[in-house]
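Because the structure is a prediction, the values reported are computed rather than measured.
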Amino acid sequence: MIEAETGAAAWLQAWDAQGTHRTGTAGDAAGAAWLAGAARALGADVVVEEFAFERLDPVAAHLDIAGERIPAVPVFDAPPTDASGIAGRLGPFGEGGEIAVVELGPRAVYSGAFEQVRRMAGHRALVVICRGEAPGPALINAEQFKAPYGKPAIHVSSEARDRVLAAARDGAAARLVSHSRIVGSTAVNIVATLPGSDRQAPPLVVMTPRSSWWQSTAERGGGLVCWLESLRAALAAPRGRDVIFTANTGHELGHLGLDDFIARRPGWERPDGAIWMHYGANIGAYGSILSLVANDAELRTLGLAALAGAGQPPDDIPWPSAPPSGETRDIHKAGGRYLTLVGSNGLFHLPQDRWPHAVDLPAIARIATAGARIVAAL
């Protein structure tokens with residue numbers, strides 16, 4: 001296990017050094033090049049699948065109150081303002097004010113709370129005070145990136161909470177700016193196909209997202225380590241079915257990469273399509289609660305046995321019919337078979353999610369060992 005920890009540490013350090021991994025940025029491109037090289041070093045034939053998308057580049061985003069400028073980050077699936085922004089009175093959400101103020105955590109997008117807030121009328125713009133588990137700008141994923149909706153909206157860091165809430169209670173005059181430009185761009189998925197002896201058997205897809213708002217070393221790194229260790233195991237094992245490894249960009253922007261992957265392989269998300277092994281967010285984050293999510297009893301039993309054998313049994317096994325979050329949600333909706341490993345993270349969607357303090361290296365190594373055994377068995 002020490003050897004596995006050493007390899008995982010090298011991969012995580014390389015990932016952390018690449019900078020912000022938001023889709024279509026320089027850090028995203030660096031992550032793709034690094035991962036393709038790491039997969040090729042293991043012996044895989046790697047294909048870089050490109051797709052076009054319209055990248056949103058923030059030009060200016062801030063909230064101005066009484067001469068103070070509070071930095072902000074746009075809500076990426078809300079319409080922008082022009083350079084002059086929107087002026088009006090602040091007010092707590094639902095209590096009046098042209099610019100409404102609400103506190104939300106990054107998981108509000110999965111509960112439906114964020115959509116409910118954004119679809120309510122009565123305001124011209126929205127300020128989201130980030131409510132993460134630690135101070136900072138814990139951003140909300142842009143689930144509707146391809147079809148922006150609602151009013152112009154920005155995130156402000158929780159560190160500005162008291163100032164913004166006080167101004168909202170007072171009905172202070174403010175100006176919200178969320179000025180961006182759209183740039184035609186290209187994003188990529190990293191894909192490796194390992195042929196099996198039975199080309200008629202449903203393929204196995206081993207998937208992990210590889211994009212995020214920040215460095216996201218614990219959020220994304222554990223899944224990438226699992227993906228690479230599973231690739232190593234699959235290359236060494238006899239294969240009865242095709243095994244396709246895909247590491248997709250576009251996670252924080254409504255799963256753009258998975259959409260493109262499935263569009264090239266229609267039907268794989270359905271019940272009679274592929275079997276999906278998904279390495280989700282926060283695997284092996286420091287203090288993480290590990291969940292095993294599966295809608296198939298055979299897959300669940302296999303996953304439980306492998307994790308127990310590696311010394312890392314799951315902390316939580318959600319009810320199979322419960323809609324999962326992340327990319328598995330898309331497979332769940334289509335009725336496909338899946339097994340997902342996913343964790344929790346006290347630095348979720350925060351810039352502080354960095355090497356080495358954000359990760360539990362021994363836990364990552366144990367989970368990666370279990371995942372490799374699951375993939376080899378499947």
Side-chain angles (χ1 to χ4, degrees), residues 22 54 56-182 213-214 252-254 323 325 348-351:
R22 181 164 60 84
E54 295 186 329
L56 186 150
D57 285 353
V59 175
H62 48 85
L63 179 67
D64 297 341
I65 308 172
E68 178 185 0
R69 175 156 294 181
I70 299 172
V73 177
V75 170
F76 272 55
D77 58 356
T81 70
D82 59 19
S84 62
I86 293 174
R89 296 283 174 181
L90 288 172
F93 179 78
E95 299 182 22
E98 292 91 353
I99 303 174
V101 176
V102 67
E103 282 189 272
L104 292 170
R107 297 189 183 279
V109 72
Y110 302 123
S111 68
F114 192 36
E115 182 175 1
Q116 183 178 7
V117 164
R118 294 173 66 186
R119 292 196 184 279
M120 288 185 68
H123 57 272
R124 297 176 57 212
L126 181 67
V127 177
V128 177
I129 301 173
C130 297
R131 190 170 62 198
E133 295 181 45
L139 304 183
I140 298 175
N141 283 347
E143 295 284 284
Q144 302 298 323
F145 179 74
K146 290 188 285 189
Y149 73 101
K151 304 298 196 308
I154 56 173
H155 306 86
V156 298
S157 172
S158 60
E159 293 160 318
R161 174 183 184 273
D162 293 347
R163 174 74 180 96
V164 175
L165 286 180
R169 287 192 297 268
D170 293 341
R175 182 178 298 275
L176 180 151
V177 175
S178 181
H179 181 43
S180 303
R181 62 171 174 263
I182 300 298
W213 294 115
W214 312 107
E252 76 286 6
L253 304 180
S325 60
F348 189 55
H349 286 200
L350 284 160

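Residues Leu56 and Pro58 share a closest heavy-atom pair of O-CD, 3.6 Å. Between Trp214 and Pro137, the closest heavy-atom pair is NE1-O, 3.6 Å. Ile140 and Trp213 get closest at one heavy-atom pair: O-CZ2, 3.5 Å. Contact record, Ser158 with Ile129: CA-CG2, 4.3 Å, taken as the closest heavy-atom pair. Nearest heavy-atom pair across Ala125 and Leu176 is CB-CD1, 3.9 Å. In terms of heavy atoms, Arg118 sits closest to Leu126 at CG-CD2, 4.1 Å.
In this structure, NZ in Lys151 is found 14.5 Å from OG in Ser178, a value given to the nearest 0.5 Å. To the nearest 0.5 angstrom, Arg161 atom CZ is 4.0 Å from Glu103 atom CD. Atom CD of Glu54 is separated from atom NZ of Lys146 by 11.5 Å, given to the nearest 0.5 angstrom. Taking CG from Asn141 and CZ from Arg107, the interatomic distance works out to 10.0 Å, rounded to the nearest 0.5 Å. Rounding to the nearest 0.5 angstrom, the gap separating the NE2 atom in His179 from the OG1 atom in Thr81 is 7.5 Å. Here the straight-line distance linking atom CG of Leu350 with atom CG of Leu139 works out to 8.0 Å at 0.5 Å rounding.
A donor-acceptor pair under 3.5 Å is absent between the side-chain atoms of Asp170 and the main chain of Ala172, judged by distance alone. The closest donor-acceptor contact from the side chain of Glu98 to the backbone of Arg89 lies under 3.5 Å. Under the 3.5 Å distance criterion, the side-chain polar atoms of Asp77 are matched with a main-chain donor or acceptor of Glu143.
Applying the side-chain contact (heavy atoms from CB on, under 4.5 Å) rule to Glu115 yields the partners Arg119, Tyr149; only residues at least two apart in sequence or on another chain are considered. For Ala174, the side-chain contact (heavy atoms from CB on, under 4.5 Å) partners two or more places apart in sequence, or in a different chain, are Leu63, Ile65, Leu90, Ile99.
Looking at heavy atoms from C-beta onward, Cys130 lies in side-chain contact with His155 at the 4.5 angstrom threshold. At a threshold of 4.5 Å between non-hydrogen side-chain atoms, the residues Phe93 and Met120 count as touching. Under the 4.5 Å side-chain criterion, counting only non-hydrogen atoms from C-beta, Phe114 is not in contact with Val102. When side chains are defined from C-beta on, Val73 does not count as touching Ile154, because their heavy atoms never get closer than 4.5 Å.
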Pair Phe76-Glu252, side chain to side chain contact (heavy atoms under 4.5 Å, CB included): steps then yes or no
CA-CA 9 Å; Phe76 272 55; Glu252 76 286 6; over 6 Å; no
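Within a 6.0 Å radius of CD in Glu68, more than 12 heavy atoms belonging to other residues, nucleotides or ligands are found.
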